[in-house]
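All values reported here derive from a predicted model rather than from experimental measurement. Each chain gets a letter, A, B and so on, in the order the sequences are listed, and its residues count up from 1.
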Amino acid sequence: MDTENLLKGLNDRQREAVLATEGPVLILAGAGSGKTRVLVHRIAYLIGEKGVDPGSILAITFTNKAAGEMRQRVDAMVGSDAGRIWVMTFHAFCVRVLRQFADRIGYTRSFTIYDTDDQLALIRSIYKEKNLSDKIAKPKSVLGTISQCKNELLRAEDYKADPRNPYQQQAAKVFALYEQKLKENNAMDFDDLIGNAVRLLESDEDARGILNRRFRYLMVDEYQDTNGAQFKLVSLLTEEHRNLCVVGDDDQSIYRFRGADIRNILDFEKRYKDAEVIKLEENYRSTQTILDAANSVISNNKGRKSKTLWTSNGKGGPIRFIRYPTSFDEASGIVRDIKESVAGGKRRYSDHAVLYRTNAMSRLIEEKMLLMNVPYRIVGGVNFYSRREIKDVMAYLKLLVNSDDDLAAARVINVPKRGIGATTLQKAAEYASDGGLTLFDAFCGADRIETLSKKAADKCRGFAELILKLREESKALPVSETVGKVLEETGYVAELKLEGTDESKERIENLQEVVSKAVQYEGEAEEPSLEGFLEEVALIADIDTVDEDADCVLLMTLHAAKGLEFPAVHIAGMEENLFPSAHAVGELDGGEAVEEERRLAYVGITRAKEELTLTSAKERMVNGNRMLGQTSRFVMEIPRELVEMAGDEQPKRDPFAGSGDGGFYGAAFGRRFSDEASFGKPPRAFGRSSSYVSRKNSREEKEVSSLYSGKGAAKKPAPAADAAGLGYAEGDRVRHVKFGTGTVKEIRDGGRDFEVTVDFDGWGTKKLFAAFAKLKKL
DNA sequence: TATATAGTGTTTTTT
DNA sequence: ACACTATATA
């Protein structure tokens, strides 16, 4: 392939970007400007024209999806050697590096990766163990603080807590303990993957040299989303050769809340004085009208790299703005609109997307979709891999690989039920921590735990033997069969089958899906291993499984829509205090937060190829309160000649009166909707809870953490070991305060407590727990 | 262990 | 409003 041929079909700026291979390069790629295309061509050029070894090219993305897409396109363009190019996410790359050099930073190769749920469980276990109050600092907030620190490469010992600030005091304490536990468990959280890679590169000159020489050409996609740690990582990786090409769009930086530092892209030229800067402003996606709207809205932001999108596409139709009386009407309106456009033969369902600011807004729209028989799919929501049953199997697998993982051990010791309750677990945990052993070690040598009854010790040892047996067997088996064996031999599936509910059936299906994933993994991986499988699962989000062929409307948050495009886009909830959010409006940061919301609006608008419909509601239920909303300032920032207004109720003040370029609309500043509501209860004010990290369902984590080294368990009913204290036996006549007299039919060991079946005179047979029943022998 | 009840927290999210 | 979590109780 010759250069001319390779550059064919690229515009001048794109060509420049492809040819700028040496030294630092910043590609400012506007929405829809073909940046992936540029990156792929750049890689092809490096290999085909400059004779660069494919194995020395590293392309880093944020999401698996982006990595997958780029991989596919690179494969198609480069041919047989493409497999040797490293195209992966930040996290996946760091894991590869850390596995290789694990021993140099005090880990073993088989370290496990903790996700957000695991992190929270670990923190809760620390709270239990140290008897900490969540009044002063909530586990979630502390986790947020820890994560923030890690994003900036701040270690526990560097965290300076204000002595007068009890939250910080506790956060500092928990942070230190958390770090210690991670190390003990031979585990890293997501932030550590980056942080430890940085630490490795900083402290180990040899490793740094090896990696600098290995990866001569580095490309980073979505550079505006990088945080402090990722910035440092990239700097260290390119220290020697400085062949760093970053691609991003400061106008699409929407992840500040999770640590992204927009300065990384804004200051790139300051940091690299010789950087070549290339702007891609030609858009291949949208109509000129849509781009004009986007340009106009984003021009209200200060402190950005100026950039104006243009296209040779046609002008297209006007942007529609419809203000509905209520959020219910809005939902019906959107669905009706979509339905009509499909019925008219103009579009397919899959041409449409409905975007909104918060997940909570999906419900109303979903209900209308169901009601009106419109096929839809909600993107986002609960991750497949965060479901309880999935996390349970994964915990088993983690334990097979890494004995040090106490969290995994605690999670599955009594799943399925083995009659090993909180008390037993607590005793084992104490024994382990006293002797500097892992929990798994304690189970292995349970006979030596003096505080345990013979029975309890037997059960613990039985569990340990089961794990050891599975571990032995797994060595000779493919991953999928190991997964199957775990499901089988632990009795996990058997217990679910016994339940026989719809829910348990679904869980079994999900587990089957894990086996399928394992089979798939075996087919794809070069050297399949249990570690490798766990790693892949840990780093995967199930959004990657969107079925693109299905003809249905996609519903998602504006954030989730980034990187996607649709012929027709509907953005719902264009109201002040909703979008921009009340949080952002109330923030006293000189408008930074609102600017981020505006970037989000920019992202939303630029998703549309042909049609853009903005909607709002005059009245909406928010957190159970009826709120009145004024039209979002972002609507008003669109030049009026681009907009076709509809709806039976227009904003009181004509948003377009006076100036043509979006005067701000001050009436709603800093106010909640309800301030203007003449009905409904006053809203409960939100507390100023600082930050939070996960919205995931973690009921199952709760169970584990309360079992795990729980001080609370001490207050709980008498343990099995106290059986002798019951004072009655099967066949005895007993008295109960409420049920009167009866005969003891059966006494069963229920793990934590004895389950006593009593046939009460006149009340029939009842199952009671010994500690509560307080039965008196007659 | 299982369930009922009271309490809490509510923007956005990847890995 | 509503989902999730902690607790209290039998």
*Length of the line joining Q148(A):CD and dT13(B):P, which is rounded to integer Å*: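 Value for this atom pair: 18 Å.
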*To the nearest angstrom, how far is H559(A) atom NE2 from dT15(B) atom P?*
15 Å
For [N], take OP1 and OP2 only and decide whether either is under 4.0 Å from a side-chain N or O of [X].
X       : N       : result
T557(A) : dT13(B) : yes
N359(A) : dT12(B) : yes
R256(A) : dT12(B) : no
N64(A)  : dT15(B) : yes
N414(A) : dT1(B)  : yes

*Answer yes or no: side-chain N or O of S581(A) and base N or O of dT12(B) forming a donor-acceptor pair under 3.5 Å.*
no
*Is there a donor-acceptor contact under 3.5 Å from the side chain of H570(A) to the main chain of T615(A)?*
no
Reckon [X] touches a base, only the sugar-phosphate, or nothing at all at heavy-atom distances under 4.0 Å?
X       : answer
R599(A) : nothing
Y255(A) : sugar-phosphate
K135(A) : nothing

*Of all the choices, dT15(B), dT11(B), dT14(B), which nucleotide is nearest to the side chain of L539(A) once you look at every atom?*
dT15(B)
_Need to verify one output field. Residue with the more 5' nearest nucleotide on DNA chain B, K138(A) or A360(A)?_
K138(A)
_Residue mapping more 5' on DNA chain B - nearest nucleotide basis, F62(A) or I254(A)_ =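 Nearest-nucleotide comparison on DNA chain B picks I254(A).
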*H583(A) on top of dT11(B)'s base, within under 5.5 Å and under 30°?*
yes
*Would you say F257(A) stacks on dT12(B), if stacking means ring centres under 5.5 Å apart and planes within less than 30 degrees?*
yes
*When the P atoms of dT5(C) and dT12(B) are considered, how many whole Å apart are they?*
16 Å
_Identified stems (criterion: three or more consecutive Watson-Crick or G-U pairs, under 3.5 Å), DNA chain C_ =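 Looking at DNA chain C, the stems formed by three or more consecutive pairs are B:1-10 with C:1-10.
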*Pair D117(A) + R411(A), salt bridge at N-O below 4.0 Å*: no
_Residues E179(A) and K150(A) bridged, charged N to O under 4.0 Å_ =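 Yes.
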*Would you check, one step at a time, whether the test side-chain hydrogen bond (donor to acceptor under 3.5 Å, both in side chains) holds for E389(A) with Y492(A)?*
CA-CA 9 Å; E389(A) 63 275 19; Y492(A) 196 98; 5.5 Å; no
*Provide the closest heavy-atom pair for Q252(A) versus R599(A) in the form atom of the first, atom of the second, distance.*
N-CD, 4.4 Å
*Compare every heavy atom of F634(A) with every heavy atom of A601(A), then report the nearest pair and how far apart it is.*
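Closest approach of A601(A) to F634(A), heavy atoms only: CB-CD1, 3.8 Å.
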*asked:* Below 30° counts as parallel, above 60° as perpendicular, anything between as tilted: where do the rings of F257(A) and Y255(A) land?
replied: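 Rings of F257(A) and Y255(A): tilted, 30 to 60°.
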